[in-house]
Amino acid sequence: MDEPSYFQNALSSFVTDAACGGAIRHLVDIGCTLDQIVERLDYPAPRAKVQRIMMDYLYESRVLLREEPSQELFAAKEVFVQEQDALGRRSMRKVVIDSNSQKDMAGASDSEILLQGQNKAQTQRYLWKESVYDPRRDGKLTELLHRKCGNRGDIFNYITCPFGVWLNDQYSQDDNGGRYGQHEFDASFSAAKDGLSFLNGRQRDYIQGIRWDQPVLYHRLNQRMLEIIGKLYEAGAYGGACFFVTGREKLIIPQK
């Protein structure tokens, strides 16, 4: 890319972020898919630029991880949370969160966390207590995951998502309309690809709106992803692992 084009694209991206970056991040917080975000914006932003801002935010807010959950991710940290009382007055509260106090943040959206301190630990993989899901012993997968998440929120629970292997990234383009990369379908994953047909339209839109830039990513085990994985598993289209950080548990889910 020549120098004028580089700066022109950088300026264009800056203008888009300034004009609608906040709106995009808010719409991500309330669960909108990429298509829904593009449709709801007042500013006419290109789909690729909206996707870029959305992806940056999913990583920044740790809804998506590129690496297996680590001790660094869940080390104790200070965050300032914005609160609003019944009269609309806003105030700031400092809380310390870690894997044993995630309940403090379970009701706060990612956009309410305004400032966070540095992690207090070096990168280090957890020593997980591994178990293997057995439907005869554990019951229905979605019910088991609900029980393990409990009432402490989903902030520190993750599940592997192999959609980068399944999909050919047909919706992912760079800011100039070019492809970020073409994932080739592997014959062994044809059943998994077909399993997407078992999802409803909004679930498919969510998956296809994300740029799966590596074969496997780790997605926060929120309600949406729990339902998606549950449907794919029942269709014989999913095998992977869940990470429940509070108990340092790793649940292996064999494909049917």
Side-chain angles (χ1 to χ4, degrees), residues 24-34 36-37 51 53-77 79 81 95 97-113 116 119 123 125-126 128 133 141-164 166 199 202-233 238-253:
I24 292 171
R25 288 182 276 272
H26 169 70
L27 292 170
V28 170
D29 277 339
I30 64 175
C32 290
T33 66
L34 176 60
Q36 291 171 326
I37 294 172
Q51 187 191 48
I53 295 172
M54 181 188 80
M55 291 303 303
D56 287 345
Y57 185 55
L58 288 175
Y59 286 120
E60 289 168 4
S61 58
R62 292 174 176 172
V63 172
L64 277 177
L65 304 177
R66 288 190 173 92
E67 297 181 354
E68 180 178 302
S70 65
Q71 186 170 339
E72 179 186 33
L73 178 64
F74 303 112
K77 65 176 71 66
V79 300
V81 179
V95 298
I97 61 171
D98 57 20
S99 60
N100 294 315
S101 62
Q102 58 179 306
K103 188 175 181 181
D104 289 339
M105 299 302 297
S109 70
D110 296 315
S111 61
E112 291 176 309
I113 304 174
Q116 69 179 33
N119 289 339
T123 301
R125 290 190 178 276
Y126 266 18
W128 300 100
Y133 169 63
L141 178 62
T142 52
E143 294 175 357
L144 174 65
L145 298 183
H146 271 298
R147 291 197 301 270
K148 286 189 170 292
C149 288
N151 61 358
R152 294 177 62 85
D154 56 36
I155 293 176
F156 293 119
N157 301 322
Y158 288 84
I159 191 162
T160 55
C161 292
F163 304 132
W166 299 1
L199 303 180
R202 189 176 183 187
Q203 291 168 337
R204 287 195 301 272
D205 288 346
Y206 181 70
I207 291 176
Q208 293 174 324
I210 290 177
R211 188 176 74 242
W212 303 97
D213 55 7
Q214 62 187 45
V216 176
L217 293 174
Y218 301 82
H219 193 289
R220 185 172 292 162
L221 189 57
N222 53 23
Q223 183 65 29
R224 166 183 273 161
M225 191 52 63
L226 191 154
E227 292 173 357
I228 287 174
I229 295 300
K231 283 190 176 182
L232 292 176
Y233 176 79
Y238 179 80
C242 290
F243 300 84
F244 303 95
V245 176
T246 301
R248 297 195 177 188
E249 297 179 63
K250 179 178 180 180
L251 177 67
I252 306 298
I253 305 172

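Index from 1, following the sequence. All figures in this text were calculated on a predicted structure; none of them were measured in a lab.
Shown here for Cys32 and Ile37, the closest heavy-atom pair between the two residues is CB-CG1, 3.7 Å. Leu34 and Gly209 make their closest contact through CD2-O, 3.5 Å (heavy atoms, listed as atom of the first residue, atom of the second, distance). Residue Thr33 comes nearest to Arg202 through the heavy atom pair CG2-O, 3.7 Å, listed as atom of the first residue, atom of the second, then distance. Of all the heavy atoms in Gly240 and Thr160, the pair that sits closest is CA-OG1, 3.3 Å. Contact record, Ile210 with Gln51: C-NE2, 4.0 Å, taken as the closest heavy-atom pair. Here the closest non-hydrogen pair linking Met225 and Cys161 is SD-SG, 3.8 Å.
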Next on the checklist: Let's go through Tyr233 and Thr142 carefully: what are the C-alpha distance in whole Å and the side-chain angles of both, what is the deciding distance for side-chain contact (heavy atoms from CB on, under 4.5 Å) to 0.1 Å, and is it a yes or a no?
Outcome noted: CA-CA 9 Å; Tyr233 176 79; Thr142 52; over 6 Å; no
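Two residues are said to be in side-chain contact when any heavy atoms from C-beta on lie closer than 4.5 Å; Ile228 and Tyr238 fail this criterion. Tyr133 places a side-chain heavy atom less than 4.5 Å from the side chain of Leu144. Counting heavy atoms from C-beta outward, Ile207 and Trp212 have side chains that approach closer than 4.5 Å. Inter-residue side-chain proximity for Leu251 and Leu145 is flagged as met; some heavy-atom pair is nearer than 4.5 Å. Using a 4.5 Å heavy-atom cutoff, the side chains of Val63 and Val28 are not in contact. Side-chain atoms of Leu27 and Gln36, non-hydrogen and from C-beta on, never get closer than 4.5 Å to each other.
When the side chain to side chain donor-acceptor pair (under 3.5 Å) test is applied to Tyr206, the partners found at least two apart in sequence or on another chain are His219. Glu143 pairs by the side chain to side chain donor-acceptor pair (under 3.5 Å) definition with nothing, not counting sequence neighbours. Residues forming a salt bridge (Lys or Arg N to Asp or Glu O under 4.0 Å) with Glu227 (at least two apart in sequence, or on another chain): none. With sequence neighbours left out, the side-chain contact (heavy atoms from CB on, under 4.5 Å) criterion links Arg204 to Leu199, Gln208. Applying the ring-ring contact (aromatic ring centres under 6.0 Å, His included) rule to Phe243 yields the partners Trp128, Tyr218; only residues at least two apart in sequence or on another chain are considered.
Checked by atom type and distance alone, the side chain of Tyr158 never pairs as donor or acceptor with a backbone atom of Pro69 at under 3.5 Å. A donor-acceptor contact shorter than 3.5 Å links the side chain of Gln214 to the backbone of Arg66. Side-chain N or O atoms of Arg224 include one that pairs as donor or acceptor with a backbone N or O of Gly31 at under 3.5 Å.
Leu58 pairs in a side-chain contact (heavy atoms from CB on, under 4.5 Å) with only one of the listed residues (Arg62, Met54, Glu60), which is Met54.
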